[in-house]
Amino acid sequence: MRKYLPIIISLASLILLSQSVEAQCKGFAKKLCKLELAPYIHDGNYHAAILTEGEEAELYKTFYTDQRYRIAICGAEALPAVEFQIVDAYRNVLFDNREHDMASTWDFSLESSQQLKVVVNVPVSGTQAEFPNSGCVAIMFGFQEE
Amino acid sequence: MQYNNLRFQIIGLLLITGVLLAIPSCRSDRSRQGGREVSLGDFLTEEDIFDDIDRAKKIFYSLPSPLETAMLLKSTGIDYDEMLLNDLSSVERYATSKSKALNLGIYTTDLSFASLFDQAQTSLNYMDATRRLATEMGIDDAIDDETLRRLEENLDNRDVVMDIISETFLNSSSYLKENDQQQVAAIVLVGGWVEGLYIGSQMAGENPPEESRLVDRLAEQKLSFSIVERMLEDNRLDAGGQENRDIAELIDELQVLKAAYDNIEVQTSAVTVEEDEVTPEVASLKSQTIIHVTPEAFRELQSAVRSLRTNFVQ
């Protein structure tokens with residue numbers, strides 16, 4: 001039994017570490033990213049994950065008329081500024097934050113309801129680190145009645 | 001002994017031959033992505049690139065939350081009807097993980113709906129029901145005493161009430177997703193979304209007018225239904241690769257809704273971005289959506305939603 005002890009301890013540490021990183025992600029989304037939505041009301045949905053430099057994420061959502069939306073994309077401090085694009089079903093890029101000083105939010109309303117895709121990319125930083133940085137990235141939506 | 005050596009040599013030779021044969025066949029499989037042969041000299045289309053990336057990417061599917069669902073319904077100009085909400089006394093009888101998750105979503109939509117119509121006491125009652133279900137599901141910190149106290153003190157302030165509902169839903173969904181209960185989180189969302197469909201379709205009545213914002217709003221939910229399908233398919237297998245029975249069952253149950261939506265046509269044009277003249281800081285997305293829903297198709301949708309929701313709240 002004693003010879004398995006280091007393995008058990010290592011596994012337990014790994015599990016605890018991953019849980020603590022996830023918990024940080026939840027706290028990051030709730031305490032920091034949500035603030036970016038004000039004065040819009042957060043819809044209550046939770047979309048956050050640990051991403052590494054060079055990784056991408058996609059989110060699919062239908063947006064409806066009669067409402068104004070704010071999308072907020074936040075990345076942890078360890079990550080370079082997160083890039084994001086909003087794309088329609090015809091693959092037209094409607095917004096690219098690289099053309100807007102890496103803005104972390106975008107406000108919009110719709111003439112007719114649409115299914116849109118949000119593409120999020122964590123760029124690779126210029127630093128010569130041995131391992132790429134990882135951190136929490138949250139995608140949050142707020143809305144207001146028009 | 002000599003026989004044994006010969007046997008090992010033959011086995012070794014077969015293994016090496018097998019490995020050599022396997023290498024080109026692996027390459028051949030990789031080059032057949034997307035169902036057609038591609039060679040190194042071919043150009044990849046955008047579709048091929050997306051096909052390749054999608055498998056490696058983190059994918060999120062976002063449904064209208066209970067709060068957004070209630071807001072979308074209210075914006076069509078409907079009235080409040082408490083009779084349509086799920087009976088509070090039913091909270092006692094939800095025993096399975098699936099029924100608890102579905103009804104956590106359903107009660108949260110009911111809570112949001114009541115709050116948007118300033119129904120103070122009903123909002124408190126439904127907050128209490130969602131708290132009971134959340135606690136039974138192990139989500140202890142979703143709605144604490146402090147949340148209930150804050151709600152009671154601010155029942156006349158709709159913005160604060162909406163913020164509290166948003167916070168409690170965020171607490172439960174983040175708890176489920178971060179505790180390897182993605183499937184349960186997906187079921188909660190489907191429950192809340194179907195409740196919105198139920199309230200809306202019942203409000204529309206048997207013979208809604210031809211030009212009805214509410215009917216259009218319900219038809220447009222076909223766009224979200226495609227997201228429901230993808231989200232559930234993505235959650236069909238649990239972390240261990242086993243089929244999740246609750247999700248598989250829910251996919252089957254939703255077939256009635258799929259059949260109803262197959263008879264409703266929703267087409268969207270490409271989007272252009274313009275600056276809003278009144279509020280230039282808010283971009284205006286210009287596009288057209290063509291909705292075609294016959295009275296028969298709408299009645300079929302109403303019936304599908306009613307039977308699905310009855311099944312959920314039983």
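Proteins come first, then strands; the chains are lettered A, B, ... in the order of their sequence lines, and each starts at number 1. Because the structure is a prediction, the values reported are computed rather than measured.
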B/Thr289 (side chain) donor-acceptor with A/Ser113 (main chain) under 3.5 angstrom
yes
Given a strict heavy-atom distance threshold of 4.5 Å, which part of A/Ile41 is in contact with chain B: side chain, backbone, both, or neither?
side chain
Flag the one option from A/Ile139, A/Leu51, A/Thr65 with the top tally of heavy-atom pairs under 4.5 Å to chain B.
A/Thr65
Please look at B/Asp159 and chain A and tell me whether the side chain, the backbone, both or neither of the residue comes under 4.5 angstrom of a heavy atom of that chain.
side chain
Proximity breakdown for A/Asp43 and chain B, heavy-atom pairs closer than 4.5 Å:
both
Ion pair check, A/Lys34 and B/Asp163, cut-off under 4.0 Å:
yes
Contact leader toward chain B among A/Ser109, A/Ala89, A/Ala57, where contacts are heavy-atom pairs under 4.5 Å
A/Ser109
Are B/Glu68 and A/Lys61 close enough for a salt bridge, meaning some N to O gap below 4.0 Å?
yes
Of B/Thr268, B/Ile227, B/Val266, which is the lone residue that meets side-chain contact (heavy atoms from CB on, under 4.5 Å) with A/Gln115?
B/Ile227
Look at the aromatic rings of A/His47 and B/Phe60 and report parallel, tilted or perpendicular, splitting at 30° and 60°.
perpendicular
Max heavy-atom pair count under 4.5 Å with chain A, selected residue of B/Ser75, B/Pro66, B/Ser172
B/Ser75
Please classify the contact between B/Thr76 and chain A as side chain, backbone, both or neither, with a heavy-atom cut-off of under 4.5 Å.
neither
Return the OG to CD distance between B/Ser287 and A/Glu111, rounded to the nearest 0.5 Å.
6.0 Å
Is B/Val271 close to chain A through its backbone or its side chain, or both, or neither, when contacts mean heavy atoms under 4.5 Å?
both
Using the salt bridge (Lys or Arg N to Asp or Glu O under 4.0 Å) rule, take A/Glu58 and B/Lys57 through it: C-alpha gap first, then chi angles, then the decisive distance, then the call.
CA-CA 7 Å; A/Glu58 283 180 355; B/Lys57 278 178 188 169; 2.5 Å; yes
Picking from A/Tyr64, A/Phe143, A/Phe95, A/Phe141, which has the most non-hydrogen pairs under 4.5 angstrom with chain B?
A/Tyr64
Could you tell me which portion of B/Leu63 (side chain, backbone, both or neither) has an atom closer than 4.5 angstrom to a non-hydrogen atom of chain A?
backbone
So what's closer than 4.5 Å to chain A heavy atoms on B/Thr69: side chain, backbone, both or neither?
neither
For atom CD of B/Gln288, decide whether the heavy atoms of other residues, nucleotides or ligands shown that lie under 6.0 angstrom number more than 12.
no
With a 4.5 angstrom heavy-atom cut-off, is it the side chain or the backbone of B/Glu220 that approaches chain A, or both, or neither?
both
